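As the structure is a computational prediction, the values presented were derived from the model and not from experiment.
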Amino acid sequence: MRIEATDSFWLDKAAFSRAERQYYETLNRRKNSLPGPALLPAPAPKLTTFAPAKKAKKKNKAMTEKETPNKLLYMNPLTMEANFFLDTLNSVNQKSAPPQLDPHLAKLLERIMVGIEKYMDRNPTYVLPQETASAGEGVAFVQPKELQTIKRTFNCSFCNNRIVGTTIAKAVAHLSEQHPNPNPNGQPVQPQQSKQEKKQAQVKARQQMVVQLPKKVKAMIVGEITNVFKDKYPIADKLKVIPEYDIIEQDLCKLLTPGFPKQQLRIYKFGSRITGIGQRSSDLDVFVDIGNTFHTFEHRASNTTITKLRAMRKFFCGSDDWRIINVIEQARVPIIKTCHLPTGIECDICLNSLGFCNTNLLKYIFESQPLTQYMCIYVKNWLERCKLTEQISTYSITLMVIYFLQLQGLLPPIVMLQVEQSLKGGQVGPWIVNFSLKTPSELGLQQIEVTVPVVKCYLRNFFVYFGNFDYEHFLICPYFGGADIEIQKVEKMLPTRYSSYVLENPDCSLQLRKPMVVQDPIQLNHNVTKAVTRYGLQTFVDYCVQTAVLLEEPSTNWRQRST
């Protein structure tokens, strides 16, 4: 079939058929995007003399001879499948008891047939390919050679995905014969599973699979434990107080004070750098108190807080001393991640004071029982090498260390340190943030002398304990500091300030339906490990078990042991 270009000589012909004229008039109307009237016979073109028409015929004939004939095109092979489908319908209809046709399929077939009838009523002369037709119209064509190379493979799910042929004719024959010989190879037939059963099977298989410790973690565990503290502890201790923090505080006040002239502004530093377990690459967490909001608690940031955060962002963007890295507004505690260029220290700026309160508690614990700080430095480095920090944060693993030492009788429960009748300024919202600074001897506890064998022994017991912990039924609760605190009963054990707050805010309760529950000892409705998945928890447990085994063996060179 020959397809002519839209700008060809057809419109210049002295005489042409009615179908050709209607076709090109319709095409021009579509090209100009103008709503044209119904197709009517157009008036005959004005001819001055017969000579121009004769010239036009000669010209057209010459152009036709020069053009190379187009290759024949065949329609999409789906039309062949439609033919097989039609034959199948006819054969089924000839049976004595033909099956009932799907009503939805019948409507689709009726729509197709009506559309074909309407198209044929227009007496079409040309069928355009999709490249030259208007948008949404045209037909897909296939070259004869390409049509021969098209191959399809038909599988039957009923017959265990057995291949039933490469043509639709064989597939139709297989179905019409009602699956003859569905299992020709004698393979064991497995019952079909629902989506829920498949998901449960995947979870069970994943639980049975043991994830091996990375090589870097093994190298750290079996090496000399003193090397870890020799490199990490002096740096972590030094980073608690350095002159650069004062420069950052001064620059922050200088930057933000003009933006909030009528509100008082204070700067509070917190995080791993301040507690004494940080590294040179650690961020400095900063709480900016604008308008005396220290004692205001927001489970999720309010519009007022977000507005302040956006106003602060403008000043960071316009300053030569600060570089914006990211602004995270959708987090539970929105932050501005920025870098202080004069010192090169990255800072996380927030408007929530509970991080500062948690840091004060950790600083007291590390100073009263130095074993806690050593264990947290080691476990933090272990967690980073295991690449688990995306789900289990440094603060979460620190609370787990504290809870473990509480069970050993070396740290008091946090509830013992808090003053129920809080002093002025001792609360942030419903949560008590002040605590007594009693020494271990005043609390009747023993202060452990830190030595390499002692730290290694407690670390091994730490990994043994959490490698066998029942996370499904019990939670890690430094607030009470006791063993076997059941998830189902913990809310009844919590103080009235928790139940009163949850009663007023039903969506802000402690998230207990999670694979892992580690409760914040100050903000009692916060599960700090709510982001941990089942697979992440299983990986953590596997790593704990393997680490405990390696810590039992004497420290030697790991490469020599592996050979």
Beyond-backbone contact of [X] with [Y], side-chain heavy atoms, under 4.5 angstrom:
X      : Y      : value
Val532 : Phe540 : no
Ser353 : Val433 : no
Phe297 : Gln427 : no
Phe480 : Gln406 : no
Gln418 : Ile522 : yes

query = What class does the angle between the rings of Tyr458 and Phe404 fall in, given that below 30° is parallel, 30 to 60° is tilted and above 60° is perpendicular?
reply = perpendicular
ask   = Can you list every side-chain hydrogen bond (donor to acceptor under 3.5 Å, both in side chains) pair that touches residues 307-321, not counting sequence neighbours?
value = Arg310-Glu329
Indicate yes or no for a side-chain donor-acceptor contact from [X] to the backbone of [Y] under 3.5 Å, with no hydrogens or angles considered.
X      : Y      : result
Arg460 : Leu551 : no
Gln391 : Thr533 : yes
Ser396 : Ile392 : no
Thr529 : Met516 : yes
Arg266 : Phe287 : no
Ser368 : Thr439 : no
Arg273 : Arg280 : yes
Tyr543 : Val211 : no
Thr293 : Asp289 : no
Gln523 : Leu354 : no

For the residue pair [X] and [Y], confirm or rule out a side-chain donor-acceptor distance under 3.5 Å.
X      : Y      : value
Gln250 : Asp246 : no
Glu491 : Ser509 : no
His340 : Asp251 : yes

task = Flag yes if more than 12 heavy atoms outside Asp470 fall under 6.0 Å of its CG atom; otherwise flag no.
result =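 More than 12 within 6.0 Å, yes.
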inquiry  = Are there over 12 heavy-atom neighbours, none belonging to Lys530, within less than 6.0 Å of that residue's NZ?
reply    =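 For Lys530, atom NZ is crowded (more than 12 foreign heavy atoms under 6.0 Å).
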ask   = Do Trp431 and Tyr501 have their ring centres less than 6.0 Å from each other?
value =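 Distance test on ring centres: under 6.0 Å, yes.
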Can you give me every donor-acceptor pair (side chain of residues 370-380, partner residue at least two apart or in another chain, under 3.5 Å) with its distance?
{"from": "Thr372", "atom 1": "OG1", "to": "Gln369", "atom 2": "O", "distance (Å)": "3.0"}
{"from": "Gln373", "atom 1": "NE2", "to": "Gly276", "atom 2": "O", "distance (Å)": "2.9"}
{"from": "Lys380", "atom 1": "NZ", "to": "Glu384", "atom 2": "OE2", "distance (Å)": "3.0"}

Would you give the length of the straight line joining atom [atom1] of [X] to atom [atom2] of [Y], rounded to the nearest 0.5 angstrom?
X      : Y      : atom1 : atom2 : result
Leu351 : Thr296 : CG    : OG1   : 11.0 Å
Leu383 : Met400 : CG    : CE    : 9.0 Å
Asp231 : Asn381 : CG    : CG    : 9.0 Å

message = Please evaluate residues Ile225 and Leu459 with respect to the criterion side chain to side chain contact (heavy atoms under 4.5 Å, CB included), reporting the C-alpha separation (whole Å), side-chain torsions for both, the decisive distance (0.1 Å), and the verdict.
response = CA-CA 11 Å; Ile225 194 173; Leu459 283 172; 3.7 Å; yes
message = Salt bridge check, Glu346 against Lys337: does any charged N sit closer than 4.0 Å to a carboxylate O?
response =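 No, Lys337 and Glu346 are not salt-bridged.
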request  = Show your reasoning for whether side chain to side chain contact (heavy atoms under 4.5 Å, CB included) applies to Ile487 and His473.
outcome  = CA-CA 6 Å; Ile487 291 176; His473 299 97; 5.9 Å; no
query = Run the side chain to side chain contact (heavy atoms under 4.5 Å, CB included) check on Ile221 and Trp382 step by step: do they pass?
reply = CA-CA 8 Å; Ile221 297 170; Trp382 176 86; 4.1 Å; yes
query = Are Leu410 and Leu445 close enough, and set up right, to give a side chain to side chain contact (heavy atoms under 4.5 Å, CB included), and what steps lead you there?
reply = CA-CA 6 Å; Leu410 300 178; Leu445 304 175; over 6 Å; no
inquiry  = Pair Thr275, Ser272 - check side chain to side chain donor-acceptor pair (under 3.5 Å), show working.
reply    = CA-CA 5 Å; Thr275 57; Ser272 60; 5.7 Å; no
ask   = Can you check side chain to side chain donor-acceptor pair (under 3.5 Å) on His299 and Asn525, steps first, answer last?
value = CA-CA 9 Å; His299 185 75; Asn525 70 332; 3.1 Å; yes
